[in-house]
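The structure appears below as structure tokens.
The structure presented is a predicted model; accordingly, all values stated were derived computationally and were not measured. Naming convention: chains lettered A, B, ... in sequence-line order (proteins, then strands); numbering from 1 in each chain. Atoms considered below: every heavy atom in the structure, side chains included; atoms not considered: hydrogens, waters and symmetry mates.
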2 protein chains.
Amino acid sequence: MTQPSIDEVARVAGVHKSTVSRALSRPEVVREETREHILRVAESLGYEINPLAAALRRKSSNLVPLIVPDITNPFFGELASTMTAAAEEHGYRLVLCVTDGADERTGAYLESMQNLYAPFGIIAPSTRIDPEALHRFPLGKRVVVVDKFADGSGVPTVTMDNARGIELAFEHLRGLGHRSIAYVSGISGTYTAAERRAAYLALAEQPLLLGEGTQPGTGKRAAEEFLALAERPTAIVAGNDMVAFGVIAELGSRGVGVPGDVSVVGFDGLALGERYNPGLTTVQQPINEMGRVAIALARNLVDNGEVGHVVLEPSMTVRGSTARVPG
Amino acid sequence: MTQPSIDEVARVAGVHKSTVSRALSRPEVVREETREHILRVAESLGYEINPLAAALRRKSSNLVPLIVPDITNPFFGELASTMTAAAEEHGYRLVLCVTDGADERTGAYLESMQNLYAPFGIIAPSTRIDPEALHRFPLGKRVVVVDKFADGSGVPTVTMDNARGIELAFEHLRGLGHRSIAYVSGISGTYTAAERRAAYLALAEQPLLLGEGTQPGTGKRAAEEFLALAERPTAIVAGNDMVAFGVIAELGSRGVGVPGDVSVVGFDGLALGERYNPGLTTVQQPINEMGRVAIALARNLVDNGEVGHVVLEPSMTVRGSTARVPG
DNA sequence: CTGAAAGCGCTTACAG
DNA sequence: CTGAAAGCGCTTACAG
């Protein structure tokens with residue numbers, strides 16, 4: 001009842017194991033008749049290739065690291081979910097690597113995954129990653145990053161058009177009559193976060209940054225600053241959904257209602273936003289597509305040496321946290 | 001600059017590679033002097049064992065599947081987070097397997113991970129798992145399940161004392177003057193979910209189940225049923241935090257305030273509850289401990305054949321979603 | 001198009 | 001306590 005090996009298949013099929021191997025991995029080099037016979041035998045024996053042995057020989061496995069700062073954060077959860085599906089479609093298995101926000105650990109992960117002959121890796125960083133530092137690791141030359149880099153870094157990336165996302169948020173808010181719009185970015189060293197903040201700064205008539213530079217406690221601080229204002233903005237854009245949640249919760253605990261007293265729009269489009277109170281209006285990232293694209297970029301890098309940069313389009317998901325400005 | 005192999009280490013150290021292997025994996029059988037010399041050489045060469053080769057030879061790898069229904073759900077995210085940490089402490093790497101709520105896929109995962117010579121697996125199910133079905137897979141005999149089984153099933157489990165958790169929720173609510181307490185379980189076929197529901201039924205003076213049997217849309221349905229009531233309960237206990245979120249959101253969208261109009265307590269203790277609006281009062285599962293225990297149970301199963309069942313203690317995390325009953 | 005051989009990097013009886 | 005050999009289950013030049 002134990003897995004038959006390739007030798008077993010060869011014996012039963014009456015061919016050499018090298019032929020079995022070819023029939024499985026490079027079918028076109030084997031005579032059709034032979035191939036079909038072998039495949040039938042393999043099937044009947046319930047043969048499955050031993051990926052460990054294959055990887056050892058090939059020096060390339062099907063194990064790919066997914067390096068995230070915090071799998072507890074639903075954004076990375078959604079990313080991991082779509083990545084897993086996309087990876088499995090191509091026969092890869094995702095190995096979960098969590099840095100806990102300490103991107104330095106990325107190196108150790110790359111090293112240990114290199115020992116597992118990972119064909120490539122996926123990194124969703126929490127800070128700006130230095131391409132040079134990445135390239136010090138063999139596997140670091142075969143990663144795709146879910147963030148942006150300066151061009152010519154040699155690292156493939158998937159991102160969304162963040163400036164456009166902020167623009168969508170403004171269009172939505174302005175359509176509801178809002179003119180005075182503040183921004184809460186929370187910390188996050190990624191280019192993505194910087195891009196969103198910069199886009200806000202460029203678009204706002206009178207930019208107002210709330211809760212700047214506070215990490216845990218962004219919501220609390222932003223709410224305090226908001227309350228201290230002589231003239232309060234009528235709307236707040238958050239740099240991501242998690243900080244939007246934090247801000248709304250803190251505002252709520254201080255008696256400020258959303259969207260009654262102030263409208264809030266998030267950024268990311270987490271499914272969770274639908275269960276929030278109120279439902280979160282948010283700039284939607286196509287997270288599912290990001291997973292698919294990341295895997296495709298990685299394959300294209302490994303197979304053809306192409307360093308691709310894909311920028312996806314955002315859309316708006318309107319729920320209950322935004323309302324027409326009173327008056 | 002490529003990883004040196006064990007042969008390289010042996011050559012430099014002037015010993016046979018079998019001795020190097022022993023110095024590394026069974027140090028006590030090697031003469032101290034020899035061992036230290038080998039270790040020094042290995043260190044200086046930057047030697048790291050090739051886990052693939054070792055696994056192939058030993059027929060046991062360091063790759064352990066974490067099988068979850070939905071990594072998008074923060075509960076499984078938190079579980080995955082602690083599991084990863086606990087696993088890495090012992091040199092294991094977690095392979096992410098998501099069934100998408102289709103527990104049938106568990107079998108396929110067990111099979112493919114068996115081919116990777118996984119030493120054991122961890123399963124967080126979404127339905128009652130049949131131990132018999134599990135045992136049809138070789139790896140199915142070496143899993144620990146994060147749910148409960150009938151005793152004697154031969155499957156190690158970690159859970160929390162769910163009845164005690166419901167009791168804590170009642171104590172808290174009754175302490176606030178609540179007498180009329182409803183329950184929303186949402187679907188979920190696990191023993192854990194059933195236990196919570198049963199505990200509620202046992203404890204409530206006049207049991208009232210809301211939103212029974214609806215899966216997506218539990219919150220909506222529960223809110224509708226709540227609103228249709230002539231005499232509304234003053235408090236609602238939810239079978240888990242995610243449904244608590246759903247209920248509060250739906251209630252909120254229909255103008256029913258929490259805790260103003262009704263108190264809500266969740267179950268699980270997700271970190272996210274702190275960012276909810278209002279902050280969620282909830283029965284706290286020691287999720288971190290569950291990860292650690294799961295790994296420990298697995299090792300104990302594999303090393304000593306012991307089938308352990310650990311039941312952890314809940315606690316209460318009180319936040320803003322519960323208040324004294326008016327009057 | 002197929003076979004025979006070598007070898008990926010380890011571990012583990014088996015001798016000595 | 002250490003060495004030499006065999007072998008885990010594959011893949012891939014190399015012949016033919």
Requested in this report: Using a strict cut-off of less than 4.0 Å between a Lys/Arg side-chain nitrogen and an Asp/Glu carboxylate oxygen, indicate whether A/Glu289 and A/Arg292 qualify as a salt bridge.
Outcome: no

Query raised in the report: Can B/Glu8 and B/Arg11 be said to form a salt bridge (Lys or Arg N to Asp or Glu O under 4.0 Å), step by step?
Result: CA-CA 5 Å; B/Glu8 181 72 2; B/Arg11 202 178 51 71; 3.1 Å; yes

Report task. Tell me what B/Leu52 touches on the nucleic acid: a base, only sugar-phosphate, or nothing, going by heavy atoms under 4.0 Å. Result -> nothing

Query - Carboxylate-amine/guanidinium contact A/Glu32 A/Arg35, below 4.0 Å - result: no

Query raised in the report: Does A/Arg142 reach the main-chain N or O of A/Val302 with its side chain, forming a donor-acceptor pair under 3.5 Å?
Result: no

Requested in this report: Begin with the C-alpha distance, continue with both residues' side-chain angles, and end with the deciding distance and a verdict on side-chain hydrogen bond (donor to acceptor under 3.5 Å, both in side chains) for B/Asn50 and B/Ser5.
Outcome: CA-CA 8 Å; B/Asn50 181 320; B/Ser5 77; over 6 Å; no

Query raised in the report: In whole Å, what is the span from the CG atom of A/Leu56 to the C1' atom of D/dT12?
Result: 14 Å

Query raised in the report: Relative to the 5' end of DNA chain C, which residue comes earlier, A/Ala53 or A/Arg31, by the nucleotide with the nearest heavy atom?
Result: A/Arg31

Requested in this report: Would you jot down, in residue-number order, the residues of residues 5-23 of chain A having a non-hydrogen atom under 4.0 Å from DNA chain C?
Outcome: A/Val15, A/His16, A/Ser18, A/Thr19, A/Arg22

Query raised in the report: Where each residue is assigned the nucleotide of DNA chain D containing its nearest heavy atom, which of B/Thr34 and A/Glu48 is assigned the position nearer the 5′ end?
Result: B/Thr34

Query raised in the report: If only side-chain N and O atoms of A/Tyr117 are considered, is one of them under 4.0 Å from the OP1 or OP2 phosphate oxygen of C/dC10?
Result: no

Report summary line: Whole-Å distance, A/Asn115 CG to C/dC8 C1', equals 14 Å

Query raised in the report: Taking atom CD of A/Glu48 and atom CG of A/Leu24, what is their separation to the nearest 0.5 Å?
Result: 10.5 Å

Requested in this report: Mind calculating the distance between CG (A/Asn50) and C1' (D/dG7) to the nearest angstrom?
Outcome: 14 Å

Report task. Output yes when at least one side-chain N/O atom of A/Arg58 is less than 4.0 Å from OP1 or OP2 of D/dT12, else no. Result -> yes

Requested in this report: Could you tell me whether a side-chain N or O of A/Asp161 sits under 3.5 Å from a main-chain N or O of A/Glu313, the two making a donor and an acceptor?
Outcome: no

Query raised in the report: Which whole-number value in Å describes the distance from A/Arg35 CZ to C/dC1 P?
Result: 9 Å

**Report entry** Rounded distance (Å) that lies between atom P of D/dA13 and atom CZ of A/Arg26
**Finding:** 7 Å

Query raised in the report: Is any N or O donor-acceptor pair between the side chain of B/Arg57 and the base of C/dG9 shorter than 3.5 Å?
Result: no

Query - Interatomic distance, A/Ile49 CD1 vs D/dC8 P [rounded to whole Å] - result: 17 Å

Query raised in the report: Tell me, what's DNA chain D's dot-bracket, Watson-Crick or G-U with both distances under 3.5 Å, | for other-strand, [ ] crossing?
Result: |||.||||||||.|||

Query raised in the report: Can you find a side-chain donor-acceptor pair between A/Arg93 and B/Tyr109 that sits under 3.5 Å?
Result: no

Requested in this report: Examine the side chains of A/Asp147 and A/Thr157 and answer whether a donor and an acceptor come within less than 3.5 Å of each other.
Outcome: no

